[in-house]
Colleague: 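Have a look at this one before I ask anything.
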Amino acid sequence: MKFKAFLTDHGVNLLEKRFLPALDKMGKTCHLYLTRDHAIFLHNLLNGDGIQSIAQFQKDALFEDYRISSQNDDRIAFTIDLSLLHRALRSILTIYTEFGGSHGGYKSAVIQDVPISKPLSRSDVLELQAALDMAQDLPQTLVQVPDMNQLQSFVDRMKHVGDVLNVSITKYGDLHLQISTSLITLGAEFRKLKVLGEQARVPPGDDNLTAQTRTRRAIDKGDAMSVQVSVKHFFKSIQCHLAKPDCAFYGIAQQGSCLTVVFQFFIPGTRQTDKSISLHCRLPVLVDSDPN
Amino acid sequence: MTSSAVETESPDLVCELDNVQGVVDALTSVRWKRHQDAVLELSEHGIVLIVEDTGCLQAKVYLQRELFVRYDYSAHARPRFGVSLGLFVDCLSTFCVPGHSGTIEFQYPGPDMQLLLKYKYKFLRATTSNIPSSVIKDNRGSKLTIGRGGMLKVQHLVSVAKPSNTHPHIDSVGYQPPSRIAYIEFFVKPQVDEENAYDS
């Protein structure tokens with residue numbers, strides 16, 4: 001089992017400035033899964049009820065001279081502490097800025113060891129790959145969040161009110177968030193959002209109804225889905241925008257099995273999706289919720 | 001609207017407020033412990049929020065009708081109802097999104113006898129019971145008086161004005177017209193031996 005690659009300057013910046021701060025919010029440790037073509041950071045795919053996050057990079061997005069070999073189809077996975085990796089990269093950048101400018105200076109080598117777990121066994125790697133394949137299913141309808149900063153500040157305040165968030169997404173482009181307890185109902189609705197995937201026309205005369213009524217009708221017509229998730233998980237999913245994505249979409253997976261948030265990255269200076277980087281999260285649905 | 005019998009009658013109160021942050025500040029000032037109930041009393045003059053503790057401390061927040069951009073009061077008797085102060089404050093502060101000043105509408109009663117608050121495309125409802133704590137911030141002035149029988153009265157003024165950087169030429173003394181200030185009063189009774197307020 002061997003792996004050796006050089007992180008490019010772009011790769012160091014991408015991780016240090018954007019992805020590691022975001023991924024650190026998902027959980028301190030994660031799996032790093034290396035294949036012939038990809039490096040993938042995975043949170044909570046094998047264990048438990050936490051928020052799952054999948055950050056996938058084509059090898060060229062981070063590395064050059066990428067070499068990997070293992071008896072398990074050239075795949076290696078292990079657990080890594082993100083804050084230690086982050087610290088190592090930060091120190092590399094510091095060294096760069098202090099010594100990098102002067103050409104013809106002294107060459108120096110600084111070695112940073114980032115501890116990792118023992119590599120995952122063959123069966124665990126297979127299980128990880130299976131979980132990853134499962135996690136690639138996209139919801140039929142996705143709505144685009146217009147302003148992540150605004151949503152973050154809103155949910156940050158909302159989370160004082162209750163623990164369980166009801167999320168409804170319609171094919172008309174409505175995102176309805178609601179916290180309900182025995183003492184309070186607090187909700188926010190974002191309408192006329194951009195829709196990816198299956199869409200439907202807004203029923204006439206809907207505008208005079210309350211958000212709750214409209215959402216209920218849309219669910220009854222099969223034009224919407226609704227799930228309950230933890231407010232904390234939802235807040236974490238918003239914090240992914242530390243990775244500076246260009247846009248974000250929420251959608252509910254088939255049969256209401258999870259709430260998915262997909263982040264898109266553009267090739268700098270264009271509106272074209274950068275396919276070499278992908279990031280999405282899956283929020284577990286709380287047991288009580290109604291899959292309709 | 002949902003089909004409910006209550007909706008056919010006009011509500012006791014519908015009012016609109018254009019500065020939620022001011023009211024959040026005012027109410028936060030009287031929120032001294034986590035679980036705290038309050039009583040709201042509605043009248044033609046405005047809204048009074050009353051908080052009491054163990055028969056020794058009472059605080060009142062007066063939100064005069066002039067604070068509101070709209071105040072339609074149509075009840076005959078003065079309606080009183082309980083709310084959880086903490087939930088009420090947390091709820092209101094949800095709508096203090098920085099850079100988005102909007103009008104919030106209060107309605108009582110809602111279809112199910114709740115206090116109903118609406119905010120552009122956002123809406124919320126609040127009913128009775130529990131809370132967290134915080135202290136007085138940004139008050140405009142306080143007054144302490146000791147009345148007959150040792151009753152201590154503490155008054156605070158909290159600004160409920162719209163942040164008005166738009167008129168920099170107006171006097172710099174920080175003068176606030178009375179219509180833009182919420183009055184808060186605490187009444188502290190000295191503990192009397194006969195009163196077994198702290199007995200459980």
Side-chain angles (χ1 to χ4, degrees), chain A residues 143 145-170 172-193 202 205-220 231 234-235 238, chain B residues 1-4 6-7 20-21 24-25 27-28 31 34-38 81-102 104-107 109-134:
Chain A
V143 292
V145 182
D147 181 343
M148 285 299 266
N149 285 310
Q150 191 198 344
L151 186 65
Q152 178 171 11
S153 129
F154 185 73
V155 177
D156 192 25
R157 289 151 195 265
M158 210 168 165
K159 68 180 197 268
H160 296 287
V161 176
D163 302 327
V164 177
L165 184 70
N166 205 82
V167 182
S168 308
I169 292 170
T170 72
Y172 323 134
D174 302 335
L175 172 66
H176 184 213
L177 308 175
Q178 182 170 294
I179 289 183
S180 276
T181 69
S182 55
L183 296 175
I184 190 164
T185 302
L186 169 63
E189 191 193 32
F190 301 86
R191 302 191 67 190
K192 300 190 168 90
L193 305 177
V202 184
D206 243 18
D207 282 346
N208 300 322
L209 302 169
T210 64
Q212 277 172 308
T213 311
R214 264 189 286 105
T215 304
R216 201 167 45 235
R217 287 192 183 183
I219 291 172
D220 291 344
V231 177
F234 193 80
F235 189 68
I238 300 173
Chain B
M1 282 292 153
T2 46
S3 55
S4 169
V6 188
E7 275 176 306
V20 189
Q21 185 64 53
V24 169
D25 291 346
L27 299 183
T28 301
R31 187 178 170 188
R34 190 162 175 80
H35 297 289
Q36 194 169 2
D37 290 335
F81 53 90
V83 293
S84 152
L85 180 60
L87 275 180
F88 191 43
V89 171
D90 286 341
C91 236
L92 285 174
S93 72
T94 304
F95 297 103
C96 306
V97 180
H100 290 262
S101 65
I104 186 164
E105 181 189 292
F106 296 66
Q107 185 187 318
D112 196 21
M113 288 306 287
Q114 334 87 323
L115 176 64
L116 195 69
L117 317 180
K118 294 193 204 115
Y119 177 76
K120 287 197 285 188
Y121 51 81
K122 296 160 186 171
F123 71 95
L124 75 140
R125 301 183 285 169
T127 31
T128 20
S129 223
N130 295 327
I131 46 297
S133 89
S134 177

Colleague: So how far is it from B/Thr94 OG1 to A/Ile179 CD1, rounded to the nearest 0.5 Å?
Modeller: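 Spacing of OG1 (B/Thr94) from CD1 (A/Ile179) equals 8.0 Å.
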
Colleague: Counting neighbours of CG on A/Asp163 that are heavy atoms of other residues, nucleotides or ligands and sit closer than 6.0 Å, is the number greater than 12?
Modeller: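 Open.
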
Colleague: Looking at B/Cys91 and A/Leu186, what are the two nearest heavy atoms and their distance?
Modeller: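 Looking at all heavy atoms of both residues, the closest pair is SG-CD1, 4.0 Å.
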
Colleague: How long is the straight-line distance from CG of B/Leu87 back to CD1 of A/Ile184, given to the nearest 0.5 Å?
Modeller: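 A/Ile184 CD1 to B/Leu87 CG: 4.5 Å, rounded to 0.5 Å.
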
